[in-house]
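What follows is a set of notes on a single structure, which appears directly below.
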Amino acid sequence: MTKRINLNFIFVIAAAVLLSVSFSTIVSYRLFQKEVFADLSSFAGLLEEMDVLTQMKKEGFAWPENELRITWIAEDGMVIYDSYTNETVLENHIDRPEIIEAMQAGEGTSIRKSQTMGRSIFFYAKRTADGTMIRIAKEAGSIWNVYKNTLPVTLISAFSSFLISIVIARRLTKAFIKPIEQMAEDMEHPENVTVYGELAPFVEKIRAQHEEVLKNAKIRQEFTANVSHELKTPLTSISGYAELIANGMASKKEGRHFAREIYENAQRLLAMINDILQLSELEDSDVGSLSLERIDLSALVSDCMKVIKPMADQHGVCVSLKGTPLFVYGDKRLLEELIYNLCDNAIRYNKKGGHVWVSVTDKLIVQDDGIGIPKKCQKQVFERFFRVDKSRSKKTGGTGLGLAIVKHIAQVHNADISLDSDEGLGTTICVKFSEILP
Ligand code: ADP
């Protein structure tokens, strides 16, 4: 890239130098022309004023070549006198451009190529008071000549400005590229890189993204470690009980107990794998990948109640629903999961004879009068694998992922989730959707 920028700079500089050289040559040639014609005009004026031509004709005065050539021309174009040759051999001059112009406008000019390389003949004609015309010709340098004369100076100045420009261009390119190179070398410390204003938002974005990537990597690492640990516990139990049975170390009665343990641990493993899969699916999904539809939350809660009722009965917990239709735009399967997880917790972390009240008004509220959550743990309960009481969670089939899943589902639905709990009194979890459909 640096090479490309430098090459572009060099190309632009070369074009600029070439243009300015051509432009200045043209301008100085124009000035030179103007000066030559001004000289010739004042000389012609002088000749007319002093009436020297009659005298020169009379004396047959001839000027040396390479000097000014004076021609006196009659109104009909016939040459009366010429300072180079005998006028009688000269043809009629009526068709010469400077003569035509002078006849019409009083004075005329014209430039014609000289036989000498790089030189031109400048003609100036002036109509005198008696109608005859004085024409003065002068051989002078052409544009090429002017260019040739100024070439050394032009070349030196062009070359030095070219060099200076290249040095500046290189410096600019370096200053332009340097922060990007520094950033690439040391992504960990972008604050050490001095950047110019236009690059600051870009650097800030890269820094934020880099931090995000690191944070996500750390979360994933922790999650993997937790998952391995969580899966290891039931698997160790399964393996231990199975080994006892395989070695014939279990009596018939014990064998049945071990088989039950194996079954329960396998169930835990399955539940955990299901939750892990669901969480990673939720993490990878965005609003675009959900199958969104108009859903009545209270109808969904009522369906969920039918599924949860046998479990509530088993725990001796009374579940009731109070709801008015509330339409939201959401993914049915995920919202079912959210409601189920909240109700499941409200039943499992309850006591015999306890209550769960589910209400749908302008939000979804799941309230229970169960064991409650200590204040210091309330923030952490939405974290993966966090449990207030590990043994109680495991005993009731918990995976420690239920509320993490709930939080994610709420997030992808743009819903706010809040928790209010008092230890020993109960817990209230409230889900408020930002968009309610009519
Ligand atoms: P688990 O599978 O262990 O239930 P969750 O993520 O659903 O995992 O909940 C995390 C922890 O929060 C639980 O282990 C429990 O200690 C606490 N908890 C969740 N809901 C309630 C509730 N309604 N009442 C009391 N404690 C709760």
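Start at 1 and go down the list; that is how both ligands and their atoms are numbered. The basis for the numbers below is simple: all heavy atoms, side chains too, and nothing from hydrogens, waters or symmetry mates. Given the structure is predicted, the values throughout are model-derived calculations rather than measurements. Residue numbers start at 1 and run along the sequence shown.
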- Query: Hey, does the Lys NZ or Arg CZ of R112 hover above the aromatic six-ring of F123, less than 6.0 Å from the centre and inside 45° of the axis?
  - Reply: yes
- Ignoring hydrogens and geometry, is there a side-chain-to-backbone donor-acceptor pair from D416 to V431 under 3.5 Å? no
- Query: For V381, which of I429, N345, V388, V406 qualifies under side chain to side chain contact (heavy atoms under 4.5 Å, CB included)?
  - Reply: V388
- Check R135 against I99 and note the closest heavy-atom contact, atom names and distance. CD-CD1, 4.2 Å
- Given side chain to side chain contact (heavy atoms under 4.5 Å, CB included), test L300 with D296 step by step and report yes or no. CA-CA 6 Å; L300 213 59; D296 178 8; over 6 Å; no
- Query: Should we say atom NZ of K253 is surrounded by more than 12 heavy atoms from elsewhere, each under 6.0 Å from it?
  - Reply: no
- Heavy-atom contacts under 4.0 Å to ligand 1, chain-then-number order, include exactly N345, A346, R348, Y349, D368, G372, I373, V381, F386, R387, V388, S393, G398, T399, G400, L401, G402, L403, T427
